[in-house]
Amino acid sequence: GKAGDPAVGAASATRGLWLHTGLANVEIARAGVTGTLGPGIGSLVFENSDTFSRRLMYAQGGRLLTHARVGTGANYDDALLSWNGSWQPCAQDASSNDALDPGIAGTVFENLGSGWSYATLANNRVFGLNRINSDRMGVWEFCDGQPRPLALESGSGALGPGMGPLSLFTDLRGELTGWGDDGVVVVGFAKVNDEAGTVANDGYFLIRASGNTPIALDQRTDAYGPQIPGYAFTSFAGDNAGAGQWFAFYATLAGPGGSLEGIFRWHPQIGIQPVALLRMPTHSPSSTTFWSALPEFALAPNGDVIVYGSACDRAPDGVTCLATTTDTAFWRVPAVGAVSRLLGPGDTLRYSQVASGPGSATITAVNTGWFNRGFGSSFDSNGRDGWLSSAGWLMAEVTIVGATHHVRLRAFDPDVLLSDGFE
């Protein structure tokens, strides 16, 4: 926001950041000043412009990560963490200061904020995808001491993909997703040359301080493949999500029966599992239905995949949908057990109005509403809200009697899921 003395007028107002404590707004950053409201880098101050704070990412406990412009004359892009009442600088463009540079001799960060892609903040640990001045992309850990490189394009050994001496990160890109075990790690998307002279593999990699390892690769029918006999991944063009020790992703694949596509999940002790496949008798909502569309999904920490998708009854030919049977709803695909329908057309929504008291209406349509995250899109930061929380609450947009409303429900706790209906 922008604030100033009402008696002076808007001309003297300065930009800043505020955190609401539940009781009041507390200013935590102000352009043009040093001290606790400044960036904490000597005499540098936050720039009083529209680009002062370009991106924000919030985490529990009052932690706030921002990409901001700071400087006095010459301006720099910085990643900064607000914690315990002051700002901690984490990384800075074009800086040779050991506390803010990439930690690789002879290099500095380049365009630190232009490719904002940061993973979940936990215990002041932040993971970011950034570029250094040798035009190489990589993943760094920030805000817990000086920046530490974890993966680097054309990197091998500790900075490589963990697939042998000929393996290289050649195109590290994409969204970073929070993932936790004994600490916090991230999942990155990369291209890797597994063997000299062969076509490079696209895939997902677990990136961690103790060493990087692949999760899923295209052109492979081994443990990195889709776990459907004879099939290999051909593209990972869809969405992905991480929660707890689980990771889920959308992919296309090819094999003896032609091309398929759908959702898969991975766990370090289980490997890759197919979750939902379009127009396939297996990995479908039931023995008599198909998945006909899978536009969105989210992942719960227990491995349940919450799907916003469409199902239809199978026609006698076994490969097409029966007309007028499509059901677009929210579904739960658990790590173990059958698919269940959570919320969709035909369900009853209960509500209370002050003037007329309790009421109810039949839902005619559902959507993910303002939390929409369609395939092919990308959040500026993975810290932005989705429609499923780690505590199990799902936010949905529903249509009743021609009007749009927003509801929440428990998405992966079967003990309370239907105890009170939807409201």
Side-chain angles (χ1 to χ4, degrees), residues 55 67 77-79 90-96 98 100-120 125-143 146-179 184-220 224 233-237 240 242 247 249 251 378-382:
R55 306 283 191 271
H67 161 241
D77 287 302
D78 281 60
C90 300
Q92 186 177 81
D93 268 4
S95 174
S96 57
D98 287 347
L100 300 175
D101 72 17
I104 299 174
T107 68
V108 295
F109 286 119
E110 183 180 75
N111 299 324
L112 190 67
S114 62
W116 172 280
S117 185
Y118 289 88
T120 305
R125 298 176 68 189
V126 179
F127 299 83
L129 177 70
N130 290 283
R131 184 184 302 278
I132 55 177
N133 62 340
S134 53
D135 201 32
R136 298 166 72 186
M137 294 296 291
V139 177
W140 276 261
E141 182 177 349
F142 298 102
C143 304
Q146 70 184 79
R148 292 188 294 277
L150 300 180
L152 188 66
E153 284 184 7
S154 300
S156 57
L159 298 183
M163 295 179 64
L166 297 178
S167 301
L168 303 173
F169 273 106
T170 59
D171 187 23
L172 186 65
R173 63 182 176 87
E175 299 169 359
L176 304 182
T177 305
W179 190 95
V184 180
V185 296
V186 292
V187 174
F189 189 75
K191 185 182 290 292
V192 60
N193 287 93
D194 188 23
E195 297 179 3
T198 63
V199 177
N201 296 109
D202 287 326
Y204 289 106
F205 294 80
L206 191 64
I207 298 174
R208 58 200 311 178
S210 59
N212 307 316
T213 53
I215 291 174
L217 298 170
D218 66 7
Q219 310 169 62
R220 303 284 285 254
Y224 304 127
F233 292 123
T234 57
S235 171
F236 300 100
N240 58 70
F247 180 68
F249 57 93
S378 174
F379 277 168
D380 290 330
S381 161
N382 286 303

> For residues 148-167, which residue pairs pass the side chain to side chain donor-acceptor pair (under 3.5 Å) check, not counting sequence neighbours?
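Of all non-adjacent pairs touching residues 148-167, those that pass side chain to side chain donor-acceptor pair (under 3.5 Å) are E141-R148.
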> Let me confirm one number: the CG-CZ distance from D77 to R55, rounded to the nearest 0.5 Å.
10.5 Å
> Under the side-chain contact (heavy atoms from CB on, under 4.5 Å) rule, collect the residues that match up with S95, sequence neighbours excluded.
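If we apply the side-chain contact (heavy atoms from CB on, under 4.5 Å) test to S95, skipping adjacent residues, the hits are Q92, N97, L100.
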> Please list, chain by chain and in numerical order, all residues satisfying side-chain hydrogen bond (donor to acceptor under 3.5 Å, both in side chains) with T234, sequence neighbours excluded.
T252
> Quick one: closest heavy-atom pair of V126 and C143, and the distance?
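In this case the closest contact between V126 and C143 is CG2-SG, 3.8 Å.
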> With A190, which residues qualify under side-chain contact (heavy atoms from CB on, under 4.5 Å), at least two apart?
F169, L172, F205
> So, for F233 and F249, is the gap between ring centers shorter than 6.0 Å?
yes
> How close do A251 and F236 get, counting heavy atoms only, and between which atoms?
CB-CD2, 3.9 Å
> Output all residues satisfying side-chain contact (heavy atoms from CB on, under 4.5 Å) with R220, sequence neighbours left out; order by chain, then residue number.
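side-chain contact (heavy atoms from CB on, under 4.5 Å) list for R220, sorted by chain: M163, D194, N201, L217, D222, Y224.
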> Rounded to the nearest 0.5 Å, what separation is found between the CD1 atom of I215 and the CG atom of L206?
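These two atoms lie 5.0 Å from each other.
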> Hey, is the main chain of L150 close enough, under 3.5 Å, to the side chain of N212 for a donor-acceptor pair?
yes
> Salt bridge (Lys or Arg N to Asp or Glu O under 4.0 Å) with R131: which residues, sequence neighbours excluded?
D135
> N240 versus Y204: any side-chain heavy-atom pair under 4.5 Å?
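They are in contact (side-chain heavy atoms under 4.5 Å apart), so the answer is yes.
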> Check whether Q219 reaches the backbone of A200 with its side chain - one donor and one acceptor, N or O, closer than 3.5 Å.
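Between the backbone of A200 and the side chain of Q219 there is a qualifying donor-acceptor contact (under 3.5 Å).
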> According to side-chain hydrogen bond (donor to acceptor under 3.5 Å, both in side chains), who are the partners of D202, at least two apart in sequence or on a separate chain?
K191
> Taking side-chain contact (heavy atoms from CB on, under 4.5 Å) as the test, write out the residues that go with I104, two or more places apart.
T107, I132, W140, P149, L152
> Could you tell me which non-hydrogen atom of A91 sits nearest to which non-hydrogen atom of F142, and how far apart they are?
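Residues A91 and F142, closest heavy atoms: CB-CE2, 3.3 Å.
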> Between P161 and V192, what is the shortest heavy-atom contact and its length?
CG-CG2, 3.5 Å
